Amino acid sequence: MTNPYTEFDTPWKDILQRYFEEFILFFFPQAHEEIDWTRTPEFLDKELQQVVRDAELGRRLVDKLVKIYLRGGEEAWVLIHIEVQSQEESDFAERMFTYHYRIYDRYKRSVASLAVLGDERSNWRPERFGYQLFGCEIGFRFPVVKLLDYQQQWSALSSSRNPFATVVMAHLKAIETRDNRNQRKEWKLVLTRRLYEQGYEREDVINLFQFIDWVMSLPQELEQQFWQEVIHLEEERRMPYITSVERIGIQKGIQQERQQSRQQVRQILLESIELGLELKFGSEGLNLLPEISLLEDVEQLRAVQAGLRTASTVEELCQIYQPTAQE
C-alpha cells in the first residue's frame, strides 16, 4: 500500500484566506479586538513576493501579507508566517525580522509579524532576533503559536465551532498518522462526522472537509472505504453535502493542485540545490546536477538540500541519494 505525499502548504493558504477573521480570533484574540472588521482585509500576495523575492529558496512555509485597518482608522500590515515543516530552522527568527523590516521599509506602515509553527519539535519556539555591537542594539520579538500545544486542549478543540479548531485537529492528526494510514482513515472519519455534529453551514462543511481531505491523504483502497462510510453518514443525516457533485469537484481540484504544488516545490528545490552546489563545490558540484535533476521524489530532494549543509565532499553528498536512485 503506497502512502501518498502529505502536503500542508496549499490547504493552509486556502483556508487562511477563506477564514482570515476566524484565524485571527482563534490564534491572536488580542489582535482581533483591535482590528476594524467592518473594512474588508486585503491580501497582498504579489506585493509580498516582491518584498521577499530574494529570500532563501526551498522553504516549506506559508506566508501571507494582509492589509487591515485598526479601530482608530489607521492602516496597518499583518505578516502571517506559517511554518509547516518537521525540522528546526536555526535562521527562522532572522527571516521573520528580515521580512518585517522589508515590509516596513516598503510601506512605512506599522507591521505585525505573527508566526504559527506546525512542526513536530516541541522545544523549538523561535520568538526573537537581535544583536548588538559597539553600543548599537537591535531587538525584534514576535508572537508565536505552536500547534503541538493544542494536543493538550483536545476537548476544547472538539467543542469549538471556530473553523480553525477543525484545521488544527486535522493538522495534528495528519502528522500523528503519517506512518499509519489505517489510523488516519479512522481519524478522518471522526473529523468529517464532527463537521455535521457541529451544525456548520453547507459551505463551511465543504470548505473544512476540503482541508481535511487534503492533509489527511489516503491510499486508494482506504480512500474508497472512507467514501463508503461518508456516504452512509450523509444518508443517515440526510445531508448530501460532500458526496454529491462537490465530491467530484473537490477531488479533481485537489489532485490537480497537489500535482502543480509538488512540481513547484520540486523546481524550487532544484534551483536551491543548484545554487548550493555551485557555492560549495564549484564546477565539480554542478556536474552532479543532471543526475540530481532525475530525482522525482520531493523528500529525496529535500535530503540533498539538507545534505549540502553537512557534506564536505561531493562523494558524501552522492551517498545521500545514489543508493535510493539505484534501487
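Scope of the values below: all heavy atoms of this structure, side chains included, with no hydrogens, waters or symmetry mates. Here the structure is a predicted model, which means the values were calculated and not measured.
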Heavy-atom side-chain proximity of [X] to [Y] below 4.5 angstrom:
X      : Y      : result
Glu22  : Val167 : no
Asp213 : Thr192 : no
Leu172 : Glu176 : no
Trp187 : Thr177 : yes
Leu195 : Ile212 : yes

ask   = Could you walk me through whether Tyr19 and Asp204 pass the side chain to side chain donor-acceptor pair (under 3.5 Å) check?
value = CA-CA 10 Å; Tyr19 297 105; Asp204 295 326; 2.6 Å; yes
Atom [atom1] of [X] with >12 non-hydrogen neighbours under 6.0 angstrom:
X      : atom1 : answer
Arg125 : CZ    : yes
Tyr104 : OH    : no
Gln30  : CD    : no
Gln151 : CD    : yes

Within the distance-only criterion (no hydrogens, no angle test), does the side chain of [X] pair as donor or acceptor with the backbone N or O of [Y] below 3.5 angstrom?
X      : Y      : result
Glu316 : Ser312 : yes
His171 : Gly118 : yes
Lys64  : Val78  : no
Arg161 : Gln198 : yes
Ser293 : Leu289 : yes
Arg71  : Glu33  : yes

task = Just do the side chain to side chain contact (heavy atoms under 4.5 Å, CB included) check on Met216 and Leu191 with the steps written out, would you?
result = CA-CA 10 Å; Met216 304 189 78; Leu191 294 177; 3.8 Å; yes
ask   = Under the ring pair (Phe, Tyr, Trp, His ring centres under 6.0 Å) criterion, do Phe140 and Phe129 qualify, and how do the steps go?
value = CA-CA 5 Å; Phe140 174 65; Phe129 172 79; 7.9 Å; no
message = Applying the salt bridge (charged side-chain N to carboxylate O under 4.0 Å, His left out) criterion to Asp105, which one of Arg102, Lys108, Arg109 satisfies it?
response =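 The option that passes is Lys108.
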Distance alone, cut at 3.5 Å: any donor-acceptor contact between the side chains of [X] and [Y]?
X      : Y      : value
Gln210 : Trp214 : no
His232 : Gln228 : no
Tyr200 : Asn207 : no
Arg194 : Ser158 : no

inquiry  = The test is side chain to side chain contact (heavy atoms under 4.5 Å, CB included); show your working for Leu65 and Tyr107 and say whether it passes.
reply    = CA-CA 12 Å; Leu65 180 62; Tyr107 296 106; 4.2 Å; yes
ask   = Hey, what's the ring geometry for Phe26 with Tyr150, parallel, tilted or perpendicular (30° and 60° as the breaks)?
value =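 The rings of Phe26 and Tyr150 lie parallel, inter-plane angle below 30°.
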ask   = Parallel, tilted or perpendicular: which fits the ring planes of Trp12 and Phe27, with parallel below 30° and perpendicular above 60°?
value =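 The arrangement is tilted - the two ring planes meet at 30° to 60°.
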ask   = So, do Phe20 and Phe43 have ring centers that fall under 6.0 Å from each other?
value =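 Ring centroids of Phe20 and Phe43 are less than 6.0 Å from each other.
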ask   = Which residues pass the ring pair (Phe, Tyr, Trp, His ring centres under 6.0 Å) test with Tyr101, sequence neighbours left out?
value =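 If we apply the ring pair (Phe, Tyr, Trp, His ring centres under 6.0 Å) test to Tyr101, skipping adjacent residues, the hits are Phe97.
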key: salt bridge (charged side-chain N to carboxylate O under 4.0 Å, His left out) partners for Arg193, two or more places apart   =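 Salt bridge (charged side-chain N to carboxylate O under 4.0 Å, His left out) list for Arg193, sorted by chain: empty.
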ask   = In a check of side-chain contact (heavy atoms from CB on, under 4.5 Å) between Phe226 and each of Lys185, Glu221, Glu186, Arg184, which one passes?
value =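 Of the listed options, the one satisfying the test is Lys185.
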